[in-house]
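One structure is given here, and the rest of the page talks about it.
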Amino acid sequence: MPKRILLTLGLVPTLLLLAGCYRSQATQTLSIPPTPSLPGGTPTRTPTPTQNAQGFSITGPFQFKITTTSGQQYAHHVLSQGQPGQTAFAGIVVHSDYVRNFFADAHALGYDPSLHGASSAWDQGAGWYCLTSGLSQDAVACTFASALLRQSFNILRPLGYWNREGSPGTTVYSAFGVESVPCCSWPPVTGNFTVYYIWHSYASAPTPTPATPLPATPIATPEIPPASSASIAAGPETVTPPSLPTRYSEFSNLSGLQKAAKFQVWLSTYVPGNLPFYKAWIADYADGSENARVLYSAPGDPLDANLKSVDIQMTETNQPVTFDSITHQFKLIALDI
Amino acid sequence: MRGQTGFTYWTQTNAAGNEAHLDWREGTFDLSVSLHGAWPEPDENNPHGLDNMLLMIAKSLKTPAK
């Protein structure tokens, strides 16, 4: 076995700690006060953007409740907000105290632009959830939010539709729902929600949207522990926030992907479970980098969080390896430990 | 990694919720392998099952024959 693999396996103690988070029903320790009873559909706090050096910022909390009446199986609520300028929709954090929640597509409810599509119900329990666009440049969005909010998250499967571009500087829409159980009496239920949006700046200089600070529970950028590797010379972080794709293409077969890609995409000869090929995508960026993504997935509802899939991404980039790119994973918060 | 030149770094594997990731760099390429869904959870009997699965996928990546 190559030395470097052995070196990686030397991280097993950390892996074990992190592997303990694999359960999606991990015990939650909330550090944010529980949501009080609120009038339905009205955000109660002014969103506050806070941006870090990697270009991530967060707006929220938006707090609201969704209630069904007797005999009503589903109820929805649509959030509207101004998307900060020069940002992409990188992730979303949701807390609910009700077990059967789901994302709804605001577009289907008559609101545009919708930031995300619908999902099957989250039957993994009440608690905190986070998910990202699924693109590699947003991979640490939930880590950023976890550190900022000092909160561990269950990670949901990426949504089938994600409007990463959104509509910077204007109003965007996002919808949520609750499902009454059990069938088929559909007793009245209420879910209290708290939602944060994670944005990824592609501006050369961070320009978060001005907003009124939260008087009660202001969000402060946490101190993130330094990287554990002492051999890496630390310096000012010079990460250039990624830009939005200049071209985004979807492929239903691998040959189409290979023909369109600027480089030969490496393919896996081992896919656990012999999962069938699902789809592939190519995203090109203004800086010349290109991301090729191949998704293998078991048959079934693509929005089912338990559906097995393997996501392989390869990005050709001229971006140098920086202190941040080497160490960002070391900043991962060990959830639920 | 995988006997190829150009290896630059390999970040930690991490697992959270119902997904696990392995990210690394080879030459000018950033690569990532992610598992989503109900894969066997790590336990005392198989604490590295997910890590091994990620490594096996990573090691099997090949440039397709022309």
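Just so we're on the same page: letters track the sequence lines, and every chain starts at 1. Being a predicted model, the structure only gives us computed values, none of them experimental. The figures that follow rest on heavy atoms only: side chains count, while hydrogens, waters and symmetry mates do not.
Your options are Val271(A), Asn291(A), Leu267(A), Leu254(A), and the one with the most heavy-atom pairs under 4.5 Å with chain B is Leu267(A).
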Subject >> side chain to side chain contact (heavy atoms under 4.5 Å, CB included) evaluation trace for Thr269(A) with Met56(B) >> reply: CA-CA 9 Å; Thr269(A) 56; Met56(B) 287 175 66; over 6 Å; no
**OP:** Report the C-alpha separation of Lys59(B) and Tyr270(A) in whole Å, then their side-chain angles, then the decisive distance to 0.1 Å, and conclude whether the side chain to side chain contact (heavy atoms under 4.5 Å, CB included) test is met.
**Re:** CA-CA 9 Å; Lys59(B) 286 191 287 188; Tyr270(A) 168 70; over 6 Å; no
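Between Val310(A) and Ile57(B), some side-chain heavy-atom pair lies under the 4.5 Å cut-off. The side-chain heavy atoms of Asp30(B) and Thr317(A), taken from C-beta on, include a pair separated by under 4.5 Å.
Lys308(A) and Ala38(B) make their closest contact through CE-O, 3.0 Å (heavy atoms, listed as atom of the first residue, atom of the second, distance). The shortest non-hydrogen separation linking Trp266(A) to Leu61(B) is O-CD2, 3.8 Å.
For Phe263(A), the part lying near chain B is the side chain, with the backbone staying farther off; criterion is any non-hydrogen pair under 4.5 Å. For chain B, the nearby part of Val265(A) is the backbone; its heavy atoms alone come within less than 4.5 Å. Residue contact with chain B, scored on non-hydrogen atoms closer than 4.5 Å, is absent for Glu290(A).
With values rounded to the nearest 0.5 angstrom, Leu31(B) atom CG is found 7.5 Å from Thr315(A) atom OG1. Here the straight-line distance linking atom OG of Ser309(A) with atom CG of Leu35(B) works out to 8.0 Å at 0.5 Å rounding. Note: Met314(A) CE to Glu26(B) CD = 8.0 Å, rounded to the nearest 0.5 Å.
Side-chain N or O atoms of Ser268(A) include none that pairs as donor or acceptor with a backbone N or O of Ser60(B) at under 3.5 Å.
Applying the side-chain hydrogen bond (donor to acceptor under 3.5 Å, both in side chains) test to Glu316(A) and every residue at least two apart in sequence or in another chain returns nothing.
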